[in-house]
Amino acid sequence: MLRKKDVKNLESRLLKRFVFDAGPFILLFTNEKGSSLAREAVSLHEKGEIEIFIHPNNLVEAYRVIYRIRKEKPKLLAKDVDPEMVIRSAYATLNVIQDEKTTVRLGVLKLKYEDKPWGDLSSAALALCLSDVHAQSVPVIVLNEETHFKGFEEVAAVKISDLKL
């Protein structure tokens, strides 16, 4: 007979986990292709059916992009949002993680992939650390047109259109 603790451990291993790169996070505030899937994923996260993680470096990128969209192409936004509130919503809703292990992994990845952007490396480093902790592969969810994850040997990237919830 399974003990309550064993059932919780088994459930934890079966839970789908994802790391959002900046692009899929930004989709939450637009009506661009993939935005409804990104919002569905966050809804499932809020219900405890999946877990979504994001690195703070990706939130910095999201702030910059949302700020520029508001100024240059406001019609791309689903509704007008303050970039600061976008960041606050992430901290209130998602698992925003920055810790010592992720920082070390980020450094190792930056040495190996010097030409890759910091945000993408941050997502990859977080996914690798979570994969170790949960003993299962945790992929990074990226935009369909993302190219920076090509060549990464250590982590899987899943395009938003291929996301299976």
Side-chain angles (χ1 to χ4, degrees), residues 15-99 102-103 105-107 109-110 112-131 137-152 154-165:
L15 193 65
K16 286 185 178 180
R17 292 176 177 87
F18 306 103
V19 171
F20 265 21
D21 194 37
F25 177 72
I26 294 164
L27 284 177
L28 297 172
F29 306 96
T30 73
N31 287 321
E32 297 293 296
K33 185 177 180 180
S35 61
S36 59
L37 195 51
R39 284 191 280 278
E40 181 184 349
V42 170
S43 177
L44 291 173
H45 169 83
E46 289 173 331
K47 293 175 186 173
E49 295 177 27
I50 66 171
E51 284 187 305
I52 300 175
F53 298 84
I54 193 165
H55 192 279
N57 287 349
N58 296 112
L59 296 178
V60 172
E61 186 177 347
Y63 183 98
R64 181 185 63 83
V65 170
I66 296 289
Y67 182 89
R68 291 189 67 192
I69 290 173
R70 282 181 83 204
K71 291 250 183 220
E72 299 167 14
K73 298 179 182 179
K75 292 189 189 284
L76 288 179
L77 295 173
K79 64 179 184 175
D80 187 34
V81 291
D82 177 352
E84 187 174 330
M85 294 309 295
V86 167
I87 303 309
R88 286 185 178 167
S89 74
Y91 276 94
T93 308
L94 305 178
N95 298 313
V96 182
I97 305 288
Q98 170 57 45
D99 60 10
T102 306
T103 302
R105 274 282 172 79
L106 177 54
L109 289 174
K110 188 61 176 174
K112 184 173 181 180
Y113 302 105
E114 291 182 21
D115 61 327
K116 302 279 186 192
W118 280 104
D120 295 331
L121 291 170
S122 299
S123 295
L126 180 56
L128 289 170
C129 286
L130 291 168
S131 295
S137 178
V138 176
V140 177
I141 307 305
V142 299
L143 294 176
N144 289 343
E145 55 276 352
E146 174 65 62
T147 60
H148 293 115
F149 278 85
K150 288 182 179 157
F152 268 122
E154 298 86 352
V155 66
V158 175
K159 293 179 180 184
I160 189 78
S161 62
D162 296 332
L163 180 59
K164 303 291 183 234
L165 300 171

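From a predicted model like this one, the values you see are computed outputs, not experimental measurements.
Residues Ala127 and Val140 come closest through the heavy atom pair CB-CG2, 3.6 Å. In this structure, Thr93 and Val42 approach most closely via the heavy-atom pair CG2-CG1, 3.8 Å. Of all heavy-atom pairs spanning Val96 and Ala90, the tightest one is CG2-O, 3.7 Å. The nearest pair of heavy atoms linking Pro24 to Ala38 is O-CB, 3.7 Å. Closest non-hydrogen pair, His148 versus Lys116, comes out as O-NZ, 2.6 Å. Nearest heavy atoms, Pro139 versus Arg17: CD-O, 3.4 Å.
Rounding to the nearest 0.5 angstrom, the gap separating the OG atom in Ser123 from the CG atom in Leu109 is 11.0 Å. Lys110 contributes atom NZ, which lies 5.5 Å from atom CG of Leu121 (distance to the nearest 0.5 angstrom). Taking CG from Leu143 and CD1 from Ile26, the interatomic distance works out to 7.5 Å, rounded to the nearest 0.5 Å. Taken from CG in Asn57 to CD in Gln98, the straight-line distance is 6.5 Å, to the nearest 0.5 Å. Rounding to the nearest 0.5 Å places CZ of Arg88 at 8.0 Å from CG of Asp82. Note that the CZ atom of Phe20 and the CD1 atom of Ile54 stand 8.0 Å from one another [nearest 0.5 Å].
Crowding of Arg68 atom CZ: a count of heavy atoms from other residues, nucleotides or ligands under 6.0 Å not exceeding 12. Enclosure of atom NZ in Lys159 is not indicated, since only 12 or fewer non-hydrogen atoms of other residues, nucleotides or ligands lie within 6.0 angstrom.
With sequence neighbours left out, Phe149 forms a ring-ring contact (aromatic ring centres under 6.0 Å, His included) with Phe152.
Between the side chain of Arg70 and the main chain of Asp80, no donor-acceptor pair closer than 3.5 Å is present. Counting only distance, with no hydrogens or angles, the side chain of Glu145 and the backbone of Thr147 share no donor-acceptor pair below 3.5 Å. Looking only at distances, a side-chain donor or acceptor of Asn144 sits under 3.5 Å from a matching main-chain atom of Ser161. A donor-acceptor contact shorter than 3.5 Å is absent between the side chain of His55 and the backbone of Leu126. Of the possible polar contacts, one joining the Ser122 side chain to the Trp118 backbone as a donor-acceptor pair under 3.5 Å is found.
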- Task: Mind running side chain to side chain donor-acceptor pair (under 3.5 Å) on Ser35 and Arg39 for me, showing each step along the way?
- Result: CA-CA 6 Å; Ser35 61; Arg39 284 191 280 278; 3.2 Å; yes

- Message: Checking Phe25 against Ile66 for the side chain to side chain contact (heavy atoms under 4.5 Å, CB included) test, could you report, in this order, the C-alpha distance in whole Å, the side-chain angles of both residues, the deciding distance, and whether it holds?
- Response: CA-CA 11 Å; Phe25 177 72; Ile66 296 289; over 6 Å; no

- Task: Please report the C-alpha distance between Val19 and Ile97 in whole Å, then the side-chain angles of each, then the deciding distance to 0.1 Å, and finally whether the side chain to side chain contact (heavy atoms under 4.5 Å, CB included) criterion is met.
- Result: CA-CA 10 Å; Val19 171; Ile97 305 288; over 6 Å; no

- List the steps, then state whether side chain to side chain contact (heavy atoms under 4.5 Å, CB included) holds for Ser43 with Lys47. CA-CA 6 Å; Ser43 177; Lys47 293 175 186 173; 3.8 Å; yes

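You'll find the side chain of His45 reaches within 4.5 Å of the side chain of Asn95, heavy atoms only. Using a 4.5 Å heavy-atom threshold, the side chains of Val65 and Phe29 count as separate. Between Leu130 and Phe53 there is a side-chain heavy-atom pair separated by less than 4.5 Å. No side-chain heavy atom of Ile52 sits under 4.5 Å from any side-chain heavy atom of Leu44. Counting only heavy atoms from C-beta outward, the side chains of Glu40 and Leu163 never approach each other to under 4.5 Å.
With respect to the salt-bridge test (charged N to carboxylate O, under 4.0 angstrom), the residues Lys112 and Glu154 qualify.
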